[in-house]
Amino acid sequence: MAATATEKRLLVGGDWIETGEWIEVRSPYDGEVVGRVPKAGADETRRAIDAAEEAMRTPLAAHKRAEILVKITAGIARRHEEAARLICAEAGKPIKTARVEASRAMSTYTFSAVEARKLGGEMVPMDAAQAGEGKLAFALRLPIGVVGAISPFNFPLNLVAHKLAPAFAAGCAVVLKPASQTPLSALFLAELADEAGLPPGWLNVLVGPASEIGDVLVEDERVRALTFTGSGPVGWKLKERAAKKRVNLELGNATPVVVAADADVETAAQKVAANAFSFAGQSCISVQRVYVERPAYEAFVERLVPLVDALVVGDPADDDTDVGPVIDEDARTRIVEWINESNGDVLTGGDLDGELIRPTVIANPGRADKVSCEEVFGPVCTVTAVDSIDEAFELANATRFGLQAGIFTSSLDTALRAAQALEFGGVTVNEAPTFRSDQMPYGGVKDSGNTREGPHYAVHELTEERLVVVELPS
Ligand code: NAP
């Protein structure tokens, strides 16, 4: 292990535990061991569920939950650079992008603290029906129960924050399984929760074989909700197997952008260059497919390619780096294969710079190419000339995904048509669809998922209504 490597324990029932076996965490950039964590399995998962269930027997008042969330925010602020360095080390995310993620995690906790204090039910207008006359009714919003949370590698701090903070705001205890490649940031957040005074059992963090831990979370009836962010095949399978639970899925995309003939081409090119390659394209809403109306095509491509060539590819720990490694060798091999298989023209990139994939722009790929219809999750974007805005909408929709899409145009009409025509959970106008602010309702349609995150919406998803009907005195 490197001298700077981090060793962490797992949190189960308020205890920081070891298991006798360890998982090494390696840098995706140079393969160096950057940390190690104990390896958990089915037994630890059952203990964690026992602890979570026990914790929820003594509900935490909303003001206490809010205060703990505020303290965790302060903890991230205090250890902000450490958080960013952990993300950079275990995910290979460029340090400047990792710093943004750490700040966003603070925002996620801040909004969740507000939600904890706002959580309330609603009155039912009983005398709206004759049968209801003389009765008072209201619906309480109560925590759904123990939440099983599973998170991906690509935002190891902020997507864990999106699992934990709204669950606490809702009054739920959590059993979290972060991605095996990036468990350190999740355990860092667990340390902050512990320091902030979250009582034992409210948060349990397990790292280990996904199917073993996942199977217990699916099969144990005490886990009332599963919240999953990751790839589609894993997520939909979980949902199929957990028929009686609420299963909230945040999945992938093959993010399209439409550039209309009347767009500000300079802005569109800058936003695409910045948002197709950030974190080597490993965001679920990285720009992947750009459809440009023919009159703007030449100017857009001429502006885009030099901007992409100017991106600094290298060591994620360097302040200047824009594009670092993809998560592992399998991902690299797959992405290079997809580039090579494409029927389009590679305008720049398409090869390796050492072990890193150079930012790649492919012009006019085939409709059935993988880069046109599957999620690349790498530093690759396609640019296709189209004859009309309707053709652009049709191509943008020609995918099983539906998370976010974007349009660049100076016409309000075209923008509003895009908002209606694009079958996605979110549509951005004159902004890249990679944009996300953490309070937004964020989530997909079609294969991209079935829920919305953002603390307000996630709290709603993790609570249930209980109706109370009261006979009024006559
Ligand atoms: P992944 O391979 O699906 O892994 C996600 C999580 O699921 C990891 O913790 C993984 O554990 C776990 N997992 C894998 N197999 C499992 C099983 N059989 N049972 C239970 N858990 C299991 O996804 P990833 O490669 O980490 O992340 C990339 C994907 O996430 C992309 O498709 C991306 O678009 C999507 N994503 C979506 C959003 C969104 O908000 N919509 C945000 C970010 C990422 P191990 O690590 O131990 O295998």
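Index from 1, following the sequence. For ligands, and for the atoms within them, numbers begin at 1 and follow the listed sequence.
Heavy-atom proximity to atom 23 (O) of ligand 1, evaluated over Pro156, Pro183, Ser286, Ser231, is greatest for Ser231. In this structure, of Phe377, Tyr442, Phe228, Phe401, the residue bringing a heavy atom nearest to atom 7 (O) of ligand 1 is Phe228. Residue nearest to atom 42 (C) of ligand 1, selected from Pro233, Cys284, Ser283: Cys284 (by heavy-atom distance). The residue from Ala149, Gly230, Pro178, Gly235 that puts a heavy atom closest to atom 29 (C) of ligand 1 is Gly230.
The cationic atom of Arg436 (NZ for Lys, CZ for Arg) lies less than 6.0 Å from the six-membered ring centre of Tyr442 and within 45° of the ring axis. With a 6.0 Å cutoff to the six-membered ring centre and a 45° limit on the axis angle, Lys93 does not count as a cation-pi contact of Tyr29.
Remark: ligand 1 and Ser180 share an N or O pair separated by less than 3.5 Å (distance only, no angle test). At under 3.5 Å, not a single nitrogen or oxygen of Val234, backbone or side chain, sits near a nitrogen or oxygen of ligand 1. Taking any N or O of Asn154, backbone or side chain, none lies under 3.5 Å from an N or O belonging to ligand 1. At under 3.5 Å, a nitrogen or oxygen of Lys177, whether backbone or side chain, sits near a nitrogen or oxygen of ligand 1.
Side-chain atoms of Ser103 and Glu101 form no donor-acceptor pair, as typed in the model, at a separation below 3.5 Å. Using modelled atom types and a 3.5 Å distance limit, the side chains of Asn248 and Thr227 yield no donor-acceptor pair. Using modelled atom types and a 3.5 Å distance limit, the side chains of His162 and Thr229 yield no donor-acceptor pair. A donor and an acceptor atom, one from each side chain of Asp447 and Trp236, are nowhere located under 3.5 Å apart.
Closest to atom 48 (O) of ligand 1, if we only count protein heavy atoms, is Ala210 CB, 3.8 Å. Among all non-hydrogen protein atoms, the one lying nearest atom 27 (O) of ligand 1 is Pro152 CB, 3.4 Å. Closest protein heavy atom to atom 34 (O) of ligand 1: Glu375 OE2, 2.5 Å. Atom 41 (N) of ligand 1 has as its closest protein heavy atom Leu251 O, 2.8 Å. Considering only non-hydrogen protein atoms, atom 24 (P) of ligand 1 sits nearest to Phe153 CD2, 3.8 Å. The protein heavy atom nearest to atom 12 (C) of ligand 1 is Ile150 CG2, 3.6 Å.
Phe155 does not count as a contact of ligand 1, since none of its heavy atoms falls under 4.0 Å from the ligand.
Distances from atom 4 (O) of ligand 1 to the protein include no heavy-atom value under 4.0 Å.
When heavy-atom distances to ligand 1 are checked against a 4.0 Å cut-off, Ser151 comes that close only through its backbone atoms N, CA, C and O.
Closest heavy-atom contact between Val323 and Pro359: CG2-CG, 4.0 Å.
Within 6.0 Å of atom CD in Glu219, more than 12 heavy atoms from other residues, nucleotides or ligands are found, so the atom counts as buried in its surroundings.
Identified under the side-chain hydrogen bond (donor to acceptor under 3.5 Å, both in side chains) test for residues 177-187, with sequence neighbours left out: Glu90-Ser185, Gln181-Asp328.
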Checking Val427 against Gln404 for the side-chain contact (heavy atoms from CB on, under 4.5 Å) test, could you report, in this order, the C-alpha distance in whole Å, the side-chain angles of both residues, the deciding distance, and whether it holds?
CA-CA 6 Å; Val427 175; Gln404 291 206 143; over 6 Å; no
